Amino acid sequence: MSALTLGGELRNRPTRRSAEPGAFRLPMTAGKLAGMDGDEQLLRGRVHGHDHDHDAPRPGEAHDVGPGTARRLHRTGETASRDRAGGLHLDSRTPAIRVPAGLVVLVGPPASGKTSFVRALIARRQIDAEAVVSSDEIRTEFFGTSPAEAESDAADARIFEERDRRIAVRLAAGHSAVAESTNVTPQARARLVALARRFDAPVTMLRFAPDVADLLRQYTERGRTDLTAADVRAYAVVMTRQAGVEQLRSEGATAVHDVPGRRETITPSEAAAHFSFA
C-alpha cells in the first residue's frame, strides 16, 4: 500500500521511502482513499484514474519569450525555450546560473533526475560530496536493508533529526548543503526553509519536473523496485499542484530554477554545467 504522510513524503509500505518524523500514514486502497485532507486530496485524481496531465502544457508546446528577454537574446545570439512552468532554458553559450552558498533544496518526483544531477555536480567538482545530505542514504547508514526497523515513526524521527543536524553543521560553517529528497510538498520544504533561516542562509530551490511520459520512462530505465509506476504518477501530481515556481517563492525560496533534462535533450552533466556553485 502507498501513503502520503503529513510530513510531506509519499510512503510505500514496506518499501523504503523517507517520511518526516511523527507523521501518520493514510493507506490507499485500489480504488478509493478514505478520510483525505491536505495533500492526500491531491491523490484523489490518481486513485480515481485521472492523472491531471491536462493541466500542464504538452511536450513541444510553444511558450513566448518576454520582450526584454527577446531583445537580449537578439543582441547576444542566444537561444531559449520555456518549460511548462515558465522556466527559461538557455543554450550552452549562456552564463551559468550562480547558486550562492546556503541551502539548496532539490524538488522533484522519484526518477526525475535529482541523483544523476547531483552526481554530475560532484564529478565536475562543482560541489563536494559532503555537501549532499540525503535522507535515503542516512536511512541506509542507520538501518541497512532491514525494512521493518527502518520504516517506523521512531526511525523517521531519527533519520530526519540526523539530516537536519548535518545540514545545520554545514550552514553554521558557511558552507552549502544540498537537501536531496523529493520535497514535493510544502510540509517537507517548510522544515528545510525554517532550518536555513536559523543561519540566515539563502534557500535555492532546484525543480525537476519532466513530462510524465519521460518520468515513467526514466523510472523504467532505472529498474526501481521500491515503488510502482502509480506511485511515481502520484508524486508527479503532487509536484504539479504544490511545487510551482511561484509557490516555492512564496514559501521563502531566495531563488527558484528549473533543471533541464530529457525533454530538452540535456544530459545530467550538461544540466550541471548550467549552474555555478559558490
Side-chain angles (χ1 to χ4, degrees), residues 8-9 39 42 45 51-70 72-73 78-91 94-100 102-114 117-118 121 176 178-194 196-197 201-215 233-264 266 268 270-272 274-277:
E9 299 257 358
D39 289 343
L42 300 179
D51 296 322
H52 300 287
D53 293 347
H54 59 277
D55 292 329
R58 299 294 188 268
E61 192 171 68
H63 296 271
D64 291 332
V65 177
T69 302
R72 178 175 61 78
L73 296 177
E78 297 171 283
T79 59
S81 62
R82 284 191 181 276
D83 66 12
R84 64 184 177 186
L88 191 65
H89 298 303
L90 304 179
D91 69 12
T94 306
I97 296 170
R98 183 168 177 80
V99 178
L103 179 59
V104 179
V105 179
L106 307 187
V107 181
S112 60
K114 298 183 300 298
F117 175 74
V118 164
L121 291 175
S176 289
V178 180
E180 185 193 355
S181 51
T182 58
N183 299 315
V184 295
T185 64
Q187 294 98 318
R189 297 187 295 268
R191 177 169 178 152
L192 292 167
V193 171
R197 285 176 174 166
V203 179
T204 301
M205 295 195 183
L206 302 182
R207 297 176 73 253
F208 297 75
D211 295 314
V212 173
D214 285 341
L215 183 64
R233 284 180 174 271
Y235 271 99
V237 170
V238 177
M239 176 79 181
T240 298
R241 298 297 189 188
Q242 296 207 5
V245 173
E246 293 306 319
Q247 170 75 23
L248 301 187
R249 287 173 178 158
S250 71
E251 293 172 3
T254 308
V256 179
H257 304 291
D258 280 359
V259 178
R262 185 191 291 263
R263 181 174 54 217
E264 298 83 15
I266 297 292
E270 290 169 339
H274 280 265
F275 297 87
S276 171
F277 289 77

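FYI, the numbering just counts along the sequence from 1. No hydrogens, no waters, no symmetry mates; every other heavy atom, side chains included, goes into these values. Computed from a predicted model, the values in this text were never measured in an experiment.
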Within the side chain of [X], is there an N or O that forms a donor-acceptor pair under 3.5 Å with the backbone of [Y]?
{"X": "Thr254", "Y": "Thr204", "answer": "no"}
{"X": "Ser276", "Y": "Ile97", "answer": "no"}
{"X": "Asn183", "Y": "Leu106", "answer": "yes"}
{"X": "Lys114", "Y": "Gly108", "answer": "yes"}

I need the minimum non-hydrogen distance between [X] and [Y], along with the two atoms involved.
{"X": "Pro109", "Y": "Thr182", "result": "C-CG2, 4.5 Å"}
{"X": "Ser112", "Y": "Pro210", "result": "CB-CD, 3.8 Å"}
{"X": "Gln247", "Y": "Pro186", "result": "NE2-CG, 3.9 Å"}
{"X": "Gly252", "Y": "Arg197", "result": "CA-NH2, 3.6 Å"}

Practice prompt. Could you tell me whether Asp214 and Arg263 make a salt bridge, using a distance below 4.0 angstrom between a side-chain N and a carboxylate O?
Written response: no
Worksheet item: What distance separates Ser181 OG from Arg189 CZ, expressed to the nearest 0.5 Å?
Response: 10.5 Å
Response to the item:
Distance col, row Phe277:CZ vs Arg98:CZ, nearest 0.5 angstrom, shows 11.0 Å
Any heavy-atom pair between the side chains of [Y] and [X] that's under 4.5 Å?
{"X": "Met205", "Y": "Val193", "result": "yes"}
{"X": "Gln242", "Y": "Val184", "result": "no"}
{"X": "Leu215", "Y": "Tyr235", "result": "no"}
{"X": "Glu264", "Y": "Glu270", "result": "no"}
{"X": "Leu192", "Y": "Val203", "result": "no"}
{"X": "His274", "Y": "His257", "result": "no"}

